[in-house]
Amino acid sequence: MTQVCISGSGLFTPAQSISNDELVVAFNRYVEDFNREHAEAIGQGSVQALQASSGDFIFKASGIKARYTVDKAGVLDPAVMRPRIRRRGDDEPSLMVEMGLAAARQALERAGRQGADVDAVFVACSNMQRPYPAMAVELQHFLGARGFGYDMNVACASAAFGVQAAVDAVARGSARAALVVSPEICTGHLNFRNRDCHFIFGDAATALLVEPADAASASAPRFEVLGTRLATQFSNNIRNNFGFLNASEQPARTWDDILFHQEGRKVFKEVVPLVSELLLAHLGELGIAPAAVRRFWLHQANLSMNQLIARRVLGHEPSLQDAPVILDEYANTSSAGSVIAFHKYHEDLAAGDVGVLCAFGAGYSAGSIVLRRM
Ligand code: COA
């Protein structure tokens, strides 16, 4: 099998950011308006009063301080509470592809490559712009890439699944170079009126270029892929019932049901062992002692969850060098999260250093990609 590496990464970050305080002010205005409008019914007990949110709770429960978004004004308007996006013509790049293109171009530049050098594009993310044509094919077109492309959705773990598809394609020779692109407009699937989760997500896009190690430019930051391991296990604890049959379903679903919803505590409890066991088994299979791993680029959903996973794997309290954190600034960007951590925190690794990119989320789904700096 051809030795395969990641030779470049890219990140697109939207220009606008929302702090916890800004988000909570907007949410609490919505709560006050709702409770005032429904005062009579609340008094009679037929409608439940809504409770205020708190910035302190958000930071303590999740580690999140802010999130980027494609439209701050819409999210913070208590009468709107969602990003407003200009509807684009069919011949324009769609917004998600535009974000993905920015990340893909940066990954190519870092690898010293051009669009025409790529002949497989995997758009791997949680939410798709539309069912078809696939975003990957649109991105391939605007990038000037060759070969083929397809979209794949394994929720927050999508990038890891995309890397395995890219590694397999390059190792078997069905592609010379493959891009894994993860554009996420999570604020579009987030219910900003739900106190339990209105603070969780943000928007971003990432890209990784996968090439044969001997073809990649020696001046690129190359990471040999030592192994990939994926796992899925069915759960309804993170769910989104949005789909093309919504218009046909009787009775019709409510907005609450076709946006993101979860049982956060259960997710925490069940995903931590799933992911730590996956990482320990994968490292064991490769004969790598966990303590010898220089860095874990973990999915970024909840700070305590990441610290617990890293502690279980490493056997000690993780430092920011062991498991860097980007969710304070970005919140949960779904499939992009672990790649953002990789993109921002890989330069200091020396040749021979081992790192693990690990993504996990709804499904449940989880993936471990073990890398060695070349
Ligand atoms: N502001 C203030 N208080 C809030 C609140 C908010 N926005 N949201 C919930 N609370 C309150 C609850 O009412 C509850 O109060 P009570 O103890 O009086 O009943 C208390 O805070 C705890 O709520 P809970 O929902 O149990 O919080 P939590 O500690 O589990 O934290 C999450 C919530 C979502 C941050 C956390 O469960 C989590 O991140 N889980 C993992 C989720 C995950 O990774 N999902 C993957 C998505 S891809």
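None of the values given here were measured: they were computed from a predicted structure. In each ligand, atom 1 is the first atom listed, and ligand 1 is the first ligand listed.
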Check whether any protein heavy atom sits under 4.0 Å from [atom].
atom                    : answer
atom 18 (O) of ligand 1 : no
atom 15 (O) of ligand 1 : no
atom 44 (O) of ligand 1 : yes
atom 32 (C) of ligand 1 : no

If you measure only the distance, is there a donor-acceptor pair under 3.5 Å linking the side chains of [X] and [Y]?
X    : Y    : result
E270 : N237 : yes
H198 : S53  : yes
S335 : S158 : no
D203 : T187 : yes
T333 : Y68  : no
N194 : D256 : no
S19  : E22  : yes

Pair E263 + R239: basic N to acidic O under 4.0 Å
no

Under 4.0 Å between a Lys/Arg side-chain N and an Asp/Glu carboxylate O for D71 and R84?
yes

Which one holds for Q51 and ligand 1: side chain close, backbone close, both close, or neither close, with close meaning a heavy atom under 4.0 Å?
neither

Mode of A61 contact toward ligand 1 - side chain, backbone, both, neither (heavy atoms, under 4.0 Å)
both

Return the residue, atom name and 0.1 Å-rounded distance of the protein heavy atom closest to [atom].
atom                    : answer
atom 34 (C) of ligand 1 : Q262 NE2, 3.5 Å
atom 20 (C) of ligand 1 : F57 CE1, 4.1 Å
atom 39 (O) of ligand 1 : N302 ND2, 2.8 Å
atom 30 (O) of ligand 1 : R265 NE, 2.9 Å
atom 25 (O) of ligand 1 : D196 OD1, 4.8 Å
atom 1 (N) of ligand 1  : S54 N, 3.2 Å
atom 3 (N) of ligand 1  : R195 NH2, 3.1 Å

Does [X], backbone or side chain, put an N or O under 3.5 Å from an N or O of ligand 1?
X    : value
S62  : no
H299 : no
N332 : no

Could you go step by step and tell me if F242 and H189 meet the ring pair (Phe, Tyr, Trp, His ring centres under 6.0 Å) rule?
CA-CA 9 Å; F242 176 78; H189 84 155; over 10 Å; no

With a cut-off of 4.0 Å, which atoms of ligand 1 are near a heavy atom of [X]?
X    : value
I238 : 46 (C)
G264 : 37 (O), 40 (N), 41 (C)
A301 : 44 (O)
M305 : 41 (C), 44 (O)

Go through it in stages, so that I can follow the logic: the residues are W297 and C358, the test is side chain to side chain contact (heavy atoms under 4.5 Å, CB included), and I'd like the CA-CA distance, side-chain angles, deciding distance and then a yes or no.
CA-CA 6 Å; W297 299 286; C358 174; over 6 Å; no

With a 4.0 Å cut-off on heavy atoms, is C156 touching ligand 1?
yes

Quiz: residues 244-253 side-chain donor-acceptor pairs under 3.5 angstrom, not counting sequence neighbours:
unit_1	atom_1	unit_2	atom_2	d
N246	OD1	G243	N	2.8
N246	ND2	N241	O	3.0
N246	ND2	E249	OE1	3.1
E249	OE1	R253	NE	2.8
E249	OE2	R253	NE	3.3
E249	OE2	R253	NH2	3.1
R253	NH1	D257	OD2	2.6

Within 45° of the six-membered ring axis of W255 and under 6.0 Å from that ring's centre, is NZ or CZ of R82 located there?
yes

